[in-house]
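First comes the structure, then the notes that go with it.
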Amino acid sequence: MNYLSTRDTERARRVTAAEAIKEGLAPDGGLYLPESVPVLTRADFDALLGRDYPARAAFILSRFLDDYDPAALAADCRAAYAPDRFPGGAAPIRTLDGDIHALELWHGPTSAFKDMALQIMPRLLSRALAMTGERRVAHILVATSGDTGKAALEGYRDVDGVKITVFYPVDGVSLMQKRQMQTTAGGNVDVVAVRGNFDDAQNGVKAIFSDTDLARRADEAGFFFSSANSINWGRLVPQIVYYISAYCDLVNAGRLAFGDPVNIAVPTGNFGNIFAAYLARQMGLPAARFICASNRNNVLSDFLAGGIYDRTREFHKTISPSMDILISSNLERLLSFLGGPETTRALMESLKNTGKYEAPADLMQRIRAAFSGFFLNEDETRAVIRDTWKNEHYLLDPHTAVGLGCVKKYRAATGDGTPVILASTASPFKFAPAVAEAIGMAPPADGNVFDLLRRLSGETGWEIPAPLAATETLPVRFTRVISPGEMPGIPFGA
Ligand SMILES: *Cc1c(COP(=O)(O)O)cnc(C)c1O
């Protein structure tokens, strides 16, 4: 199977999956999409029903990554989703309200859903380097506002042929997130705090990527720079797996009959996770509608309602910070999938030049045939956490609470009571201050985050995820703080 850029109007430059994963972004600035989506037969689904998560993952990945050796993919999936990395199961389900199935994607090493992709993607990249005859080391650069950095560190540490440096804004991440990154193990990792905010760190990374002199010296020293964010196909494709796997689990548990429709709700930022759900439907998953859930940064629900994507608006810091995004990069994949590369190219040009675009009416009609958008403000989000704790004794993190609140708004607006698979994207302990406040606990006296975790656990009877608890006593390895201007001078490569 070949991959094409979302902006390739000639449909001329076809690359293999390994090349797409190695490149990340296409040279024309577009994102890679498979030429066609493989469709699962009833016999395929029957086979998947009887398998565990790693085997389902290997089966689905091998359909998209058909240039990879299937036995290698199977071994990688076994290792990536092993019980030592996902002690609570790779993607267990907890049913709420009778027919809202929370798909818990946060039982991995960093307690957020990005582990589902970042535990396997480094292995896919490592193989891609070998398959494309690449002898240089790939040096991954990440600027993070919190969750991505730690998930990337855990995924890439001690992977052959790869090194990783993560830059985070020194005062722009939570105490827990900082601690998680500073205590990372591994011989090929580096973590650097940057004075300034996330944009300063991000701009510093972009400057390194576009520094041709640095690239030349890197090449001479035997390495090249690469990125790990969700525009890479290698991060998107593993996310298709858990929607199909969840459906299989629900059928096996007798909660659905095979063929019954489901709606899928996803707390959305960059549009990667929900687009993966959409691709699962293209593969044959009986998904009816996709509920795109946003927080106050509701650029997507406005787009789905009015057809105008407008990032020229105030940016809000919320209690669901991983969705505080005004440019949802992966929406481009949906635009291209349903509207073609010409339209996509024009819309992306408009976004770049004016900060907004208006999608043609026929394209919006196709998008709205599958997607509905809703959003929650901060008080509504806290109310969902409080009520769900009170009524169901289920503790939601703020992102998942936004998702559940949007399911309720969708149901109230449409009367559509189709069972829902709700992507549950983070452990509530990862966002303990907001969660504790929402369920009425007193704020911590001295701001000690580990004391708060213990109190939240004591109050609710929920266990603190082991990887979060462990950071309290792990040695702090990385304490360097630099200014953005010093970023290109960090020793990379060797
Ligand atoms: C990254 C993230 C999201 C948003 O996912 P996208 O694929 O960017 O839409 C939602 N919740 C949490 C906890 C996240 O870390």
Side-chain angles (χ1 to χ4, degrees), residues 31 91 102-119 121 142-155 173-174 176-177 180-181 198 228-243 264-280 290-301 303-304 318-334 371 373 375-376 381 384-385 395-406 422-432 434-435 465 468:
L31 280 58
L103 175 59
E104 295 182 348
L105 304 171
W106 40 262
H107 293 277
T110 77
S111 306
F113 96 96
K114 290 182 174 68
D115 289 329
M116 299 301 295
L118 279 164
Q119 281 297 304
M121 181 193 169
V142 180
T144 183
S145 57
D147 282 347
T148 302
K150 178 59 176 176
L153 287 164
E154 281 303 312
V173 301
S174 77
M176 175 55 83
Q177 288 171 327
Q180 279 186 297
M181 291 189 276
F198 170 68
N229 59 24
S230 71
I231 52 171
N232 193 306
W233 177 248
R235 252 188 83 176
L236 205 86
V237 64
Q239 300 184 339
I240 299 169
V241 175
Y242 43 74
Y243 294 107
I264 296 181
V266 184
T268 296
N270 227 341
F271 210 77
N273 203 2
I274 198 167
F275 186 68
Y278 181 76
L279 288 179
F290 301 91
I291 301 164
C292 176
S294 303
N295 64 24
R296 274 184 83 199
N297 296 295
N298 58 340
V299 64
L300 285 168
S301 55
F303 170 67
L304 289 166
T318 72
I319 55 171
S320 48
S322 300
M323 295 152 68
D324 291 345
I325 284 178
L326 292 180
I327 302 186
S328 293
S329 310
N330 273 292
L331 182 60
E332 176 170 350
R333 285 193 161 106
L334 183 69
F371 290 85
F375 79 98
L376 254 61
T381 306
V384 171
I385 296 173
L395 204 55
L396 292 163
D397 94 281
H399 304 78
T400 311
V402 168
L404 180 58
C406 288
L422 166 66
S424 173
T425 53
S427 158
F429 286 94
K430 197 150 188 191
F431 300 93
V435 172
L468 294 185

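All residue numbers refer to positions in the sequence shown, counting from 1. Atoms within each ligand, like the ligands themselves, are counted from 1 in listed order.
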Nearest protein heavy-atom contact for [atom]: which residue, which atom, what distance?
| atom | value |
| --- | --- |
| atom 6 (P) of ligand 1 | N270 N, 3.5 Å |
| atom 15 (O) of ligand 1 | K114 NZ, 2.5 Å |
| atom 3 (C) of ligand 1 | F113 CE2, 3.6 Å |
| atom 10 (C) of ligand 1 | P267 O, 3.6 Å |
| atom 11 (N) of ligand 1 | T425 OG1, 2.9 Å |

query = Just distances here: any N/O of G269 and N/O of ligand 1 closer than 3.5 Å?
reply = yes
key: Check: D147 N/O within less than 3.5 Å of ligand 1 N/O   = yes
ask   = Which class fits the ring pair Y278 and F290: parallel under 30°, tilted 30 to 60°, perpendicular over 60°?
value = perpendicular
inquiry  = Once you measure the plane-to-plane angle for F113 and Y242, does it fall in the parallel (<30°), tilted (30-60°) or perpendicular (>60°) bin?
reply    = perpendicular
key: Location of contacts on F271 toward ligand 1, heavy atoms closer than 4.0 Å   = backbone
Which atoms of ligand 1 have any heavy atom of [X] under 4.0 Å away?
| X | result |
| --- | --- |
| N273 | 7 (O) |
| T268 | 9 (O) |
| A426 | 13 (C) |

task = Calculate, to the nearest 0.5 Å, the distance between atoms OG and CG belonging to S320 and N297 respectively.
result = 8.0 Å
request  = For F431, enumerate each residue passing the ring pair (Phe, Tyr, Trp, His ring centres under 6.0 Å) test, keeping only those at least two apart in sequence or located in another chain.
outcome  = H399
4.5 Å side-chain heavy-atom contact, K430 and T110 = yes
message = Tell me the closest heavy-atom pair linking A91 and M116, and the distance in Å.
response = CB-CE, 4.3 Å
key: Smallest separation among heavy atoms of I385 and P398, with atom names   = CD1-CA, 4.0 Å
query = Listed by chain and number, what are the salt bridge (charged side-chain N to carboxylate O under 4.0 Å, His left out) partners of E332, not counting sequence neighbours?
reply = R7
